[in-house]
> 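Quick one: the structure is below, and I'll ask about it shortly.
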Amino acid sequence: MRLTKSTDIALRIAMRLAVADEEAPAPTTREVAGTVGVPYTHAAKVVSRLQHLGVVEARRGRGGGLALTPAGRRGSVGRLVRELEGTGDVVGCEDEPPCPLRSACRLRGALREAQEAFFAALDPLTVEDLAGPPTGPVLLTLSAPPGS
């Protein structure tokens, strides 16, 4: 299974925010986008989705920035990935044209079970876990490229 680009970006942003210094000014979406190596426009869309899910808090204006919420910090990565990815079929049985085997196929069910096993493997992990060593120290060394 491969995660969508949006889910990948969301996890990177959450991990970066998990190591943010609470004493320093909160990073902006533009700063976080630069440090995790994604275009600002993509990051802005993902931050909006993370806000909607209660994972990130965004404050506008002077003194604003992004912060990971307690739920975002300690919530299940499996739950977050399910929310971001959706639980639709891995294969397009009902696409146009629909698969001629769809009424008698066992693959669809097997892939659904595999997808749930993938999510279940992520259930015990939190963003805080993902941002622990050795990842956290690396995240702290990242900086936005000039001009971003």
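Hydrogens, waters and symmetry mates play no part in the numbers below; they use all other heavy atoms, side chains included.
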> Who are the salt bridge (Lys or Arg N to Asp or Glu O under 4.0 Å) partners of R82, not counting sequence neighbours?
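Per chain and number, R82 pairs via salt bridge (Lys or Arg N to Asp or Glu O under 4.0 Å) with E116, D123.
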> When you look at L11 and L80, which way does the side chain to side chain contact (heavy atoms under 4.5 Å, CB included) test go after all the steps?
CA-CA 9 Å; L11 292 171; L80 178 59; 4.0 Å; yes
> Among residues at least two apart in sequence or on other chains, which ones pass side-chain contact (heavy atoms from CB on, under 4.5 Å) with D95?
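Expected list: none.
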> Let me have the donor-acceptor pairs involving side chains of residues 1-9, under 3.5 Å, with sequence neighbours excluded, atom names and distances please.
residue: T4; atom: OG1; partner: T7; partner atom: N; Å: 3.3
residue: T4; atom: OG1; partner: T7; partner atom: OG1; Å: 3.1
residue: T4; atom: OG1; partner: E85; partner atom: OE2; Å: 2.9
residue: T7; atom: OG1; partner: E85; partner atom: OE2; Å: 2.6
residue: D8; atom: OD1; partner: R12; partner atom: NE; Å: 3.3
residue: D8; atom: OD2; partner: R12; partner atom: NH2; Å: 2.9

> Can you list every pair that meets side-chain hydrogen bond (donor to acceptor under 3.5 Å, both in side chains) and has a residue in residues 125-134, with sequence neighbours left out?
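Every pair satisfying side-chain hydrogen bond (donor to acceptor under 3.5 Å, both in side chains) with a residue in residues 125-134: T126-D129.
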> Can you sort out the partners of P25 under side-chain contact (heavy atoms from CB on, under 4.5 Å), two or more places apart, ordered by chain and number?
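By the side-chain contact (heavy atoms from CB on, under 4.5 Å) rule, P25 matches no residue at all.
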> Among T35, L142, T135, whose side-chain contact (heavy atoms from CB on, under 4.5 Å) with R16 holds?
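By the side-chain contact (heavy atoms from CB on, under 4.5 Å) criterion, R16 pairs with just one of T35, L142, T135: T35.
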> How long is the gap from CD1 on I13 to CG on L66, to the nearest 0.5 Å?
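The distance works out to 7.5 Å.
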> Roughly how far, to the nearest 0.5 Å, is SG of C93 from CG of L111?
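Here the interatomic distance stands at 8.0 Å.
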> Should V38 and Y40 be regarded as members of a common hydrophobic cluster, given that ILVMFWY residues are connected when their side-chain heavy atoms come within less than 4.5 Å of each other, either directly or indirectly?
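No; Y40 is not reachable from V38 via cluster members.
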> List the residues meeting side-chain hydrogen bond (donor to acceptor under 3.5 Å, both in side chains) with R112, not counting sequence neighbours, and say none if there are none.
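Applying side-chain hydrogen bond (donor to acceptor under 3.5 Å, both in side chains) to R112 gives D89.
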> Do you know which two heavy atoms are closest between V19 and G136, and how far apart they sit?
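Minimum heavy-atom contact is CG1-CA, 3.8 Å.
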> Let's go through R108 and E94 carefully: what are the C-alpha distance in whole Å and the side-chain angles of both, what is the deciding distance for salt bridge (charged side-chain N to carboxylate O under 4.0 Å, His left out) to 0.1 Å, and is it a yes or a no?
CA-CA 11 Å; R108 185 181 204 174; E94 303 298 330; 3.3 Å; yes
> For residues 41-65, tabulate all N or O donor-acceptor pairs below 3.5 Å that involve a side-chain atom, not counting sequence neighbours.
residue: R49; atom: NH2; partner: E83; partner atom: O; Å: 2.7
residue: E57; atom: OE2; partner: R59; partner atom: NH1; Å: 2.7

> Measuring from atom CG of L139 to atom CE of M15, what distance do you get when rounded to the nearest 0.5 angstrom?
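With rounding to 0.5 Å, CG (L139) is 5.0 Å from CE (M15).
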> Same hydrophobic cluster for V138 and L17, using side-chain heavy-atom links shorter than 4.5 Å among ILVMFWY?
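No; tracing contacts between hydrophobic side chains, which count when under 4.5 Å, never links both residues.
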